[in-house]
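Below: one structure in structure tokens.
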Amino acid sequence: MTEELKEKIAGEITLSNEPGMTIRKWREEFGLSQHQLAEAMGVSHSVISDYESGRRKSPGAGVIRKLVDALIRLDLELGSPTISKYLPERSLECVIAMGEFRSGIPMDVFISDICGQNVNPDRLPSRMVYGYTIVDSLKTILQLSSNDYMKIYGWSTERALIFTDVHYGRSPMIAIRAHPLTPALVVYHRPDAVDPLAVKLARLEGIPLVTTGLEVERIVEKLEKYKEGI
């Protein structure tokens, strides 16, 4: 499991438009200070600070590997409190379907494929989408612990979270806003309406908020081709 988590972290840093912010996100996720991470990597504190602030250019593969190894090693020494969050201990009842793509899909293509409509049009869909998770919104909000919530992101946060059984969509966006991990976009499946607060929260997060009336089975069918690399 640790090797898969290493790949996840390294992949997110490599693919991120702001690698420094992604490094900071994972450092904080592991509960480490810049000094702790720097010492474990055998570099000065200023190196970590410069990467996170953007004063240094994107780290190379060697630096990313050393950083990820340090995160995992320190967590193992502490009894794996962070690694354990990502262990597939049980299936999540709220997850209807989930998949990872073999390569990134342009967001406008993704939205078009699911017959979606972006209700937050002031945010242009410029990010790539690397996976999707379809969840029952009520079960997600009522049943998931904070640790379980992380698992719906699969192997990349650059994914679409698709919520079914949505009435007005306020609660899903509040949950996303409160969590440190943010998806590439949020999709509401056949909502009764979209609460203006949900749109405002999506704007604050800088992500498209999309609605679709396509059948869930049809959505999965359309997205399967990207899993297979067709």
Side-chain angles (χ1 to χ4, degrees), residues 1-54 56 58-95 98-100 127 130-133 135 139-161 172 174-184 186 205 207:
M1 181 62 193
T2 56
E3 291 304 315
E4 293 176 339
L5 183 55
K6 285 181 181 181
E7 291 178 8
K8 172 182 172 65
I9 299 170
E12 283 197 15
I13 295 172
T14 302
L15 296 171
S16 176
N17 291 326
E18 296 182 305
M21 293 291 291
T22 306
I23 290 171
R24 178 178 177 180
K25 179 196 78 174
W26 280 108
R27 175 180 60 77
E28 292 178 347
E29 172 69 12
F30 277 80
L32 300 172
S33 68
Q34 290 183 343
H35 286 282
Q36 288 174 306
L37 180 57
E39 183 177 355
M41 291 176 62
V43 299
S44 67
H45 161 257
S46 63
V47 171
I48 305 300
S49 178
D50 287 349
Y51 276 127
E52 291 188 0
S53 66
R56 283 179 181 249
S58 300
V63 174
I64 293 175
R65 185 181 304 109
K66 184 181 292 187
L67 185 150
V68 173
D69 285 344
L71 290 175
I72 298 298
R73 184 174 68 256
L74 290 174
D75 200 64
L76 288 171
E77 291 173 358
L78 294 172
S80 306
T82 303
I83 293 171
S84 63
K85 298 177 184 179
Y86 295 87
L87 294 176
E89 298 170 352
R90 60 184 176 86
S91 60
L92 300 179
E93 185 181 350
C94 67
V95 176
M98 191 173 187
E100 314 297 329
R127 295 164 72 177
Y130 289 86
Y132 72 93
T133 307
V135 296
K139 290 179 180 178
T140 300
I141 294 165
L142 294 180
Q143 298 178 4
L144 287 195
S145 67
S146 59
N147 288 350
D148 284 339
Y149 189 84
M150 295 180 183
K151 296 175 185 177
I152 69 175
Y153 281 90
W155 294 116
S156 175
T157 57
E158 294 297 302
R159 68 195 305 104
L161 290 189
I174 289 176
I176 288 170
R177 177 73 171 163
H179 199 273
L181 301 182
T182 304
V186 172
E205 290 298 319
I207 57 177

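When a residue number appears, it is its place in the shown sequence, counting from 1. What's counted below: heavy atoms across the whole structure, side chains too, no hydrogens, waters or symmetry copies.
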Donor-acceptor pair, R27 side chain versus Q36 backbone, under 3.5 Å?
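Not at all, since once roles are kept as given, no pair shorter than 3.5 Å links the two residues.
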
Short side-chain to backbone donor-acceptor contact, S49 and H45, under 3.5 Å
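Checked: no pair found.
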
Hey, could you give me the CG/CG distance between L71 and L5, rounded to the nearest 0.5 Å?
9.0 Å

Do other residues, nucleotides or ligands put more than 12 heavy atoms under 6.0 Å from E39 CD?
no

Looking at CD1 of I64 and OG of S58, how far apart are the two atoms once the value is rounded to the nearest 0.5 Å?
8.0 Å

Approximate separation, where rounding is to 0.5 Å, of L181 CG and E29 CD:
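Nearest 0.5 Å value for the CG-CD distance: 6.0 Å.
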
Counting C-beta onward and ignoring hydrogens, is there a side-chain heavy-atom pair between I9 and F30 closer than 4.5 Å?
yes

Of all the heavy-atom pairs spanning A70 and L37, show the shortest one and how long it is.
CB-CD1, 3.9 Å

Does the side chain of Y51 reach to within under 4.5 Å of the side chain of L67, using non-hydrogen atoms?
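Contact flag for Y51/L67 side chains = no.
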
To the nearest 0.5 Å, what is the distance between CG (L32) and CG (L78)?
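With rounding to 0.5 Å, CG (L32) is 7.5 Å from CG (L78).
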
Closest non-hydrogen atom pair, M41 against V63:
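Minimum heavy-atom contact is CE-O, 4.0 Å.
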
Within this structure, what is the OG-CD1 distance for the pair S53 and I48, rounded to the nearest 0.5 Å?
11.0 Å

So which pairs with a foot in residues 66-81 pass salt bridge (charged side-chain N to carboxylate O under 4.0 Å, His left out), sequence neighbours left out?
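Listed once each, the pairs are K6-D69.
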
So the salt bridge (charged side-chain N to carboxylate O under 4.0 Å, His left out) pairs with at least one residue in residues 7-24 (sequence neighbours excluded) are K8-E12, E12-K25, R24-E28

Could you please spell out the steps behind the side chain to side chain contact (heavy atoms under 4.5 Å, CB included) verdict for I72 and I83?
CA-CA 8 Å; I72 298 298; I83 293 171; 3.9 Å; yes

Do I23 and I13 have side-chain heavy atoms sitting under 4.5 Å apart?
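Yes. Closest side-chain heavy atoms under 4.5 Å.
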
